[in-house]
Amino acid sequence: MAKKQTAGHEQLGEFAPQFAELNDEVLFGQVWAKEDELSAHDRSMITIASLMTSGSFPQLKAHLQMAKQNGVTKEEVVAEITHLSFYAGWPKAWSAFNLAKEIYGPDHD
């Protein structure tokens with residue numbers, strides 16, 4: 001079972017309480033928790049693809065960290081970004097690789 005998400009409450013709880021609740025309780029509490037439909041590993045792979053292709057790099061960094069916790073390997077991330085580079089664009093791949101190096105690089109094992 002996935003760890004309870006509290007980032008919404010911690011980062012936006014006072015400023016945007018409804019959004020924070022939807023983030024923590026619905027997106028992560030209900031959608032991400034349905035591991036009988038998609039594993040956390042697979043959800044992470046899908047989310048990485050979506051965030052990279054949209055250029056949402058601050059969120060991509062957080063989800064790369066989550067992906068590592070969900071068992072996504074460095075080799076899988078490298079293959080995914082390489083594959084997506086042809087569909088999402090070379091500059092986005094460079095940006096994604098720089099973030100992935102921060103998470104999966106030799107200093108972060």
Side-chain angles (χ1 to χ4, degrees):
M1 181 176 214
K3 183 176 105 178
K4 174 141 175 70
Q5 179 64 255
T6 59
H9 177 72
E10 292 166 5
Q11 296 176 28
L12 293 173
E14 289 185 32
F15 188 76
Q18 182 182 20
F19 183 86
E21 182 178 349
L22 290 169
N23 182 81
D24 295 351
E25 302 301 326
V26 177
L27 175 58
F28 287 98
Q30 295 175 27
V31 176
W32 271 82
K34 293 192 68 76
E35 291 193 33
D36 59 321
E37 295 176 353
L38 282 172
S39 67
H41 174 280
D42 292 349
R43 287 183 193 277
S44 284
M45 293 288 285
I46 293 164
T47 303
I48 289 168
S50 178
L51 293 173
M52 182 190 145
T53 59
S54 69
S56 302
F57 295 109
Q59 292 78 17
L60 177 59
K61 183 176 182 180
H63 277 277
L64 284 166
Q65 291 168 327
M66 187 183 303
K68 188 174 183 181
Q69 294 169 353
N70 289 337
V72 176
T73 67
K74 174 190 162 216
E75 292 75 20
E76 289 173 312
V77 167
V78 168
E80 181 174 25
I81 294 170
T82 300
H83 181 79
L84 289 169
S85 68
F86 291 94
Y87 295 92
W90 214 252
K92 287 179 181 175
W94 271 101
S95 296
F97 272 128
N98 284 326
L99 293 175
K101 279 175 47 181
E102 289 181 34
I103 309 304
Y104 286 92
D107 298 335
H108 303 285
D109 290 333

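On a predicted model such as this, the values are computed, not experimentally measured, just so you know. We number each residue from 1, following the sequence as shown. Any value given below was found using the heavy atoms of this structure, including those in side chains, with hydrogens, waters and symmetry copies removed.
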> Residues in ring-ring contact (aromatic ring centres under 6.0 Å, His included) with Tyr87, at least two apart?
Replying inline: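 Testing Tyr87 for ring-ring contact (aromatic ring centres under 6.0 Å, His included), a comparison that skips the adjacent residues, returns His83.
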>> For Phe86, give me all partners under ring-ring contact (aromatic ring centres under 6.0 Å, His included), at least two apart in sequence or on another chain.
In response: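 Counting only residues at least two positions away or on another chain, Phe86 forms a ring-ring contact (aromatic ring centres under 6.0 Å, His included) with Trp90.
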side-chain hydrogen bond (donor to acceptor under 3.5 Å, both in side chains) with [X]: which residues, sequence neighbours excluded?
X: Glu10; answer: Thr6
X: His9; answer: none
X: Ser95; answer: none
X: Lys61; answer: Glu102

>> Is it the case that over 12 heavy atoms from other parts of the model lie below 6.0 angstrom from the CD atom of Gln18?
In response: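 Not buried by this count: 12 neighbours or fewer within 6.0 Å.
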Rounded to the nearest 0.5 Å, what separates atom [atom1] in [X] from atom [atom2] in [Y]?
X: Glu35; Y: Asn70; atom1: CD; atom2: CG; result: 7.5 Å
X: Leu27; Y: Thr47; atom1: CG; atom2: OG1; result: 8.0 Å
X: Leu51; Y: Leu84; atom1: CG; atom2: CG; result: 11.0 Å
X: Leu60; Y: Asn98; atom1: CG; atom2: CG; result: 11.0 Å

>> Tell me every residue that passes side chain to side chain contact (heavy atoms under 4.5 Å, CB included) with Glu25, counting only those two or more places apart in sequence or in another chain.
In response: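 Scan of Glu25 (side chain to side chain contact (heavy atoms under 4.5 Å, CB included), adjacent residues dropped) gives Lys4, Glu21.
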Indicate the atoms forming the closest heavy-atom contact of [X] with [Y], along with that distance.
X: Lys68; Y: Ile103; value: NZ-O, 3.0 Å
X: Phe28; Y: His63; value: CZ-CE1, 3.8 Å
X: Asn23; Y: Gly8; value: ND2-N, 3.5 Å
X: Ala96; Y: Leu64; value: O-CD1, 4.3 Å
X: Gly29; Y: Ala33; value: O-CB, 3.3 Å

>> Please check this pair: side chain of Ser85 against backbone of Thr82, looking for a donor-acceptor N/O pair closer than 3.5 Å.
In response: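 Such a contact is found between Ser85 side chain and Thr82 backbone.
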>> Can you pull out every side chain to side chain donor-acceptor pair (under 3.5 Å) where at least one residue sits in residues 48-58? Sequence neighbours excluded, please.
In response: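 Residue pairs with at least one partner in residues 48-58: Ser54-Ser56.
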> Lys34: what forms a salt bridge (Lys or Arg N to Asp or Glu O under 4.0 Å) with it, not counting sequence neighbours?
Replying inline: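 So Lys34 forms a salt bridge (Lys or Arg N to Asp or Glu O under 4.0 Å) with Glu37.
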>> I'd like to check the salt bridge (Lys or Arg N to Asp or Glu O under 4.0 Å) partners of Glu14; sequence neighbours left out, ordered by chain and number.
In response: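 For Glu14 there are no salt bridge (Lys or Arg N to Asp or Glu O under 4.0 Å) partners, ignoring immediate neighbours.
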> Should Val78 and Trp94 be counted in the same cluster of Ile, Leu, Val, Met, Phe, Trp and Tyr side chains packed under 4.5 Å apart?
Replying inline: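 Val78 does not cluster with Trp94.
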>> Do Trp32 and Leu12 land in one hydrophobic cluster if side-chain heavy atoms of ILVMFWY residues count as linked below 4.5 Å?
In response: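 Per the 4.5 Å side-chain linkage, Trp32 and Leu12 are not co-clustered.
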Contact between [X] and [Y] at the side-chain level, heavy atoms closer than 4.5 Å - yes or no?
X: Tyr104; Y: Thr73; result: no
X: Arg43; Y: Val31; result: yes
X: His41; Y: Glu76; result: yes

> Does Val26 sit in a hydrophobic cluster with other residues, and if so which ones, taking ILVMFWY side chains as linked at heavy-atom separations under 4.5 Å, directly or through other members?
Replying inline: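 For the cluster that includes Val26, the remaining residues are Leu22.
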> If you link I, L, V, M, F, W and Y whenever their side-chain heavy atoms are under 4.5 Å apart, who else ends up in the same group as Leu38?
Replying inline: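 Via sub-4.5 Å side-chain contacts, Leu38 links to Ile46.
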